[in-house]
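I have placed the structure first, in the form of structure tokens, so that the comments after it can refer back to it.
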Amino acid sequence: MRRLAFVLVFVLACSHQSDDQKLIKAASPVKSWAASLAFASELWLDNRVPKSLMENSVESAKKAIDATRKEVGKSKASESLRKNISSALDELSDSASTLGAAVRNHDANIAAREAKRCHGIYDKLEALEQ
Amino acid sequence: MKKATQLALGILTSVGGFFDVGNIATSAQAGASFRFQLIWALVLATILVIFLVEMSGRFAAVSQKALPDAIREHLGFGFWFIPFIILTLTHLLILGAEIGGISFALQLVTGIKYSWFAMPVALLVWLFLWRSKFNTIENSTSLLGLITLCFVVAAIAHHPPLREVAAGALPSLPTRDPAKYWFIAVSLLGSVLAPYLFYFYSSGAIEDKWDETYVGVNRAIAFIGMSFGALIALGALVVSGVVLGSRGIEVDDYQQAALMLTRAFPYWGFVLFAAAMGIACLGAALEVSLSMAYATAQTFGWNWGEDLKPSKDARFSLVYTAAIFLSALIIAFGVDPLKLTLLTMAINAAVLPFVTLPFLLLMNDEKLLHKQKNGWFSNAVVVFVTLLSLVLAVVSIPLAVAGGS
């Protein structure tokens, strides 16, 4: 029983993180969604995925952005980190909305532009992890 | 000749029947988050599942009893009742995850939210069970399930770095996010070592009227079938690592996983993923439903058999009917199918001691198994699985809180 308790304590200790690390981890689904939107847009432009996947992906990305915004609000991480993440969230939210409209209107040029923008947001969030 | 046909069919059905929503979710997440680093968990789980499936088939063929039947008769109802309740609740969650998988596959194709499909899917699964015989279910869905071989073809098409893939087969410590790493490792083990598989396999052996002469056939099916099945899961993990992991996409939603075949199969990869997911989950949903009905009927000593008319085993039919519609409610209420799947796979690993402990006792009963009782090596494997499961049970729950969301 003591050994099992030790394993439990060890695992919980391993998962201990600083406030900055916790916030970066909380933002990782958004980073992943930025990459997903970029990739899915490229595939949509190539007619490899349907419009509905794009629309549902945009919706899911926005949910992830909202969830991360709440985490930023609660976080005790450094101000600069919170500011950088908030700015990336705003940018991705705007890009996702524009992308959603571009898909609805079958506007390939805007979709291609937003795919590149999502790539850029991913890179920004990735840089915060370094 | 009959045995050769059964062997071939058994291997095919094991390949098709191995892969389900748990394998899709955990392999996709493992590959996307840690590339090939978690292959070892899949390899370990495959070795263990080969032993456990072989034992459950051997037990049924020699003793002419399915597992819960024998546990009740030889170890007593009191011994079995609590594990039975725990396993039944776990199976309800697994069935919910499988129905969620089919519903999500339909969402991918139609764009309509998955929760709307939960009840129609439940009706389809129920109708299939109500109208079909055991062999029809076993063979048709499992043969259709061979569509999941597309993950293997895709993995080969991507020419993954073989040295890195081979290195992944050796256990290693995570370089980042240890909570997530261990949670996915636990889920991968749980997805392969699903308790329903053993109850379904042993009851299926009774339905197929196996006797002691099938011990060799059983061994071959367990080894070859499970190995090829694991190859599909490995294919999915590798494709996910190459396509999603390299782009920084983690699988937090099945929509992200659905992109993984679009590079290897440019114009139909997306539809192929939806078809593979839908068919694999349909096969598994049928197996889990039947497994629950088998376990319940055998625990209470009721009539059972998918080949009997529902009027001849009304309580057996009632169990799968209730299970299907109760599980579908979880998805109909909008629970995220991927989160449900990952959590359920970790629970699978946690409840394994309830499967392996009675199993170990029965497999060493000379009165039941005569010459075919377990040798020291098989016992050592079961003890290892039990200890591993016990540790996983303690570790997986805090990990689910810390890193599994």
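Chain letters run A, B, ... following the sequence lines, proteins first and then strands; every chain starts at 1. Computed over heavy atoms, backbone and side chain alike; hydrogens, waters and symmetry mates excluded.
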- Can you find a side-chain donor-acceptor pair between A:His119 and A:Glu114 that sits under 3.5 Å? no
- Query: Hey, does B:Leu170 have a side-chain heavy atom less than 4.5 Å from the side chain of B:Trp40?
  - Reply: no
- Message: Taking side-chain contact (heavy atoms from CB on, under 4.5 Å) as the definition, give me every residue that meets it alongside B:Ile330, ordered by chain and number, with sequence neighbours left out.
- Response: B:Leu93, B:Val335, B:Leu340
- Item | Winner by heavy-atom pair count (cut-off under 4.5 Å) against chain B, out of A:Ala38, A:Ala40, A:Ser36, A:Ser52 | A:Ser36
- Query: So what's closer than 4.5 Å to chain B heavy atoms on A:Glu59: side chain, backbone, both or neither?
  - Reply: neither
- Task: Let me know which of A:Val58, A:Val49, A:Ile110, A:Leu99 forms a side chain to side chain contact (heavy atoms under 4.5 Å, CB included) with A:Ser41.
- Result: A:Leu99
- Query: Quick one: is the NZ or CZ of B:Arg176 closer than 6.0 Å to the six-membered ring centre of B:Phe34, and within 45° of its axis?
  - Reply: yes
- Name the region of A:Ser60, side chain, backbone, both or neither, that has any atom closer than 4.5 Å to a heavy atom of chain B. side chain
- Given the options B:Ala258, B:Pro266, B:Gly111, B:Gly269, which has more heavy-atom pairs under 4.5 Å with chain A than any of the others? B:Pro266
- Given B:Gln107, B:Arg247, B:Glu250, the one with more heavy-atom pairs under 4.5 angstrom with chain A than any other is B:Arg247
